[in-house]
Amino acid sequence: MLVVKQYQFWRLITNFLYFRKMDLDFMFHMFFLARYCKLLEENSFRGRTADFFYMLLFGATVLTGIVLVGGMIPYLSVSFAKIIFLSNSLTFMMVYVWSKQNPYIHMSFLGLFTFTAAYLPWVLLGFSVLVGASAWVDLLGMIAGHAYYFLEDVYPRMTGRRPLKTPSFIKVLFADEAVVVARPANVRFAPPAAEEVPQD
């Protein structure tokens with residue numbers, strides 16, 4: 001409401017930078033942020049910094065829109081009014097996107113049980129509820145993550161169109177370099193050609 005009534009537009013950005021009090025839920029979200037942000041950068045978005053930034057921008061925009069619209073709905077406004085910071089939701093979005101892009105990786109939760117990565121967001125959502133955190137925060141992240149996954153991965157395969165193509169003005173901001181894999185000079189990855197085989 002401060003953004004709308006008092007024009008404090010910086011809150012649209014700073015609410016993604018604050019992670020509230022330091023408790024068990026805070027520690028787990030910090031772990032999620034460090035681990036899955038790194039995995040996305042090194043794998044799915046390797047050499048595509050602009051695309052990674054655009055994913056975060058899209059997620060932040062979707063989350064902000066959901067909270068603003070949800071705050072106007074009579075029966076949901078009370079729940080959404082309690083959501084002041086969206087940093088945990090944005091973190092959870094990255095977890096969701098990674099799990100959708102790597103659904104068959106086997107994982108273990110605290111050594112108690114194993115599951116595939118496709119179920120990771122639901123396992124973490126259950127854990128958040130157990131430690132007393134708001135389920136809405138993680139659910140919003142899952143909604144934003146699913147929106148990105150559908151528009152970036154599923155919809156283009158269905159129609160051949162890519163609605164979330166990174167705008168050129170964002171690509172200009174980042175100097176993405178082609179990923180180059182170094183090959184040692186004296187190492188062969190295939191048998192030598194016939195004419196290279198020494199003759200006795």
Side-chain angles (χ1 to χ4, degrees), residues 1-19 29-73 76 80 83-103 105 117-118 120-121 124 136-182:
M1 298 302 291
L2 293 175
V3 174
V4 177
K5 293 183 177 180
Q6 299 184 23
Y7 307 108
Q8 297 181 8
F9 297 113
W10 65 85
R11 293 181 183 274
L12 295 174
I13 298 174
T14 56
N15 80 94
F16 291 102
L17 305 177
Y18 181 67
F19 285 84
H29 277 87
M30 284 296 98
F31 173 76
F32 302 154
L33 177 63
R35 176 174 173 78
Y36 295 103
C37 182
K38 179 181 178 182
L39 288 174
L40 284 173
E41 283 188 286
E42 293 181 347
N43 295 289
S44 302
F45 293 94
R46 187 176 184 184
R48 298 167 51 211
T49 308
D51 294 338
F52 184 72
F53 174 79
Y54 191 55
M55 179 197 72
L56 295 178
L57 182 62
F58 172 83
T61 304
V62 170
L63 290 171
T64 302
I66 292 175
V67 172
L68 290 177
V69 173
M72 301 176 190
I73 300 175
L76 295 178
F80 281 99
I83 302 175
I84 302 174
F85 303 105
L86 293 169
S87 49
N88 287 347
S89 299
L90 190 62
T91 298
F92 213 82
M93 173 195 167
M94 287 187 280
V95 174
Y96 188 91
V97 171
W98 179 86
S99 71
K100 282 295 187 180
Q101 294 180 347
N102 303 273
I105 294 179
L120 177 62
L124 298 181
W136 274 109
V137 173
D138 292 344
L139 280 172
L140 290 179
M142 293 172 69
I143 293 171
H146 189 75
Y148 178 83
Y149 170 73
F150 178 81
L151 293 174
E152 178 66 15
D153 294 334
V154 178
Y155 186 77
R157 290 199 298 266
M158 294 168 53
T159 64
R161 295 190 294 270
R162 187 183 171 199
L164 289 185
K165 184 177 180 181
T166 305
S168 57
F169 74 90
I170 291 181
K171 289 190 174 184
V172 171
L173 300 176
F174 300 91
D176 287 344
E177 298 180 0
V179 177
V180 178
V181 178

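Throughout, residue positions are numbered sequentially from 1 according to the sequence presented.
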Looking only at non-hydrogen atoms, find the nearest pair between Cys37 and Phe52 and report the distance. SG-CZ, 3.6 Å
Is any side-chain heavy atom of Pro167 closer than 4.5 Å to a side-chain heavy atom of Tyr54? yes
Would you give the length of the straight line joining atom CZ of Phe150 to atom CZ of Arg157, rounded to the nearest 0.5 angstrom? 10.5 Å
With side chain to side chain contact (heavy atoms under 4.5 Å, CB included) as the criterion, how do Tyr148 and Leu164 come out once you've worked through the C-alpha distance, each side chain's angles and the decisive distance to 0.1 Å? CA-CA 8 Å; Tyr148 178 83; Leu164 289 185; 3.6 Å; yes
Side chain to side chain contact (heavy atoms under 4.5 Å, CB included) assessment of Val97 paired with Met55: CA-CA 10 Å; Val97 171; Met55 179 197 72; 4.2 Å; yes
Using 0.5 Å steps for rounding, measure from the CZ atom of Arg48 to the CZ atom of Phe174. 13.0 Å
Shortest non-hydrogen contact from Ser99 to Ala117? CB-O, 3.0 Å
Might you point out which heavy atoms bring Tyr96 and Pro121 nearest each other, and give the distance in Å? CD1-CG, 3.7 Å
Residue pair Asn43, Asn102: steps toward the side chain to side chain contact (heavy atoms under 4.5 Å, CB included) verdict: CA-CA 10 Å; Asn43 295 289; Asn102 303 273; over 6 Å; no
Side chain to side chain contact (heavy atoms under 4.5 Å, CB included) between Tyr36 and Leu120, intermediate numbers included: CA-CA 12 Å; Tyr36 295 103; Leu120 177 62; 3.3 Å; yes
So which heavy atom on Ser89 is nearest to which on Val137, and how close? OG-O, 2.7 Å
Do Glu41 and Arg46 sit within salt-bridge range, that is, some charged N less than 4.0 Å from a carboxylate O? no
Measure the CG-NE2 distance between Leu151 and His146 for me, rounded to the nearest 0.5 Å. 9.0 Å
Roughly how far apart are Thr91 OG1 and Asp138 CG, rounded to 0.5 Å? 9.5 Å
Donor-acceptor contact below 3.5 Å, side chain Thr159 vs main chain Tyr155: yes
Pairwise distance CZ(Phe92) to CG(Leu63) - rounded to 0.5 angstrom: 12.0 Å
Taken to the nearest 0.5 Å, the spacing of Met94 CE from Leu39 CG works out to 11.0 Å
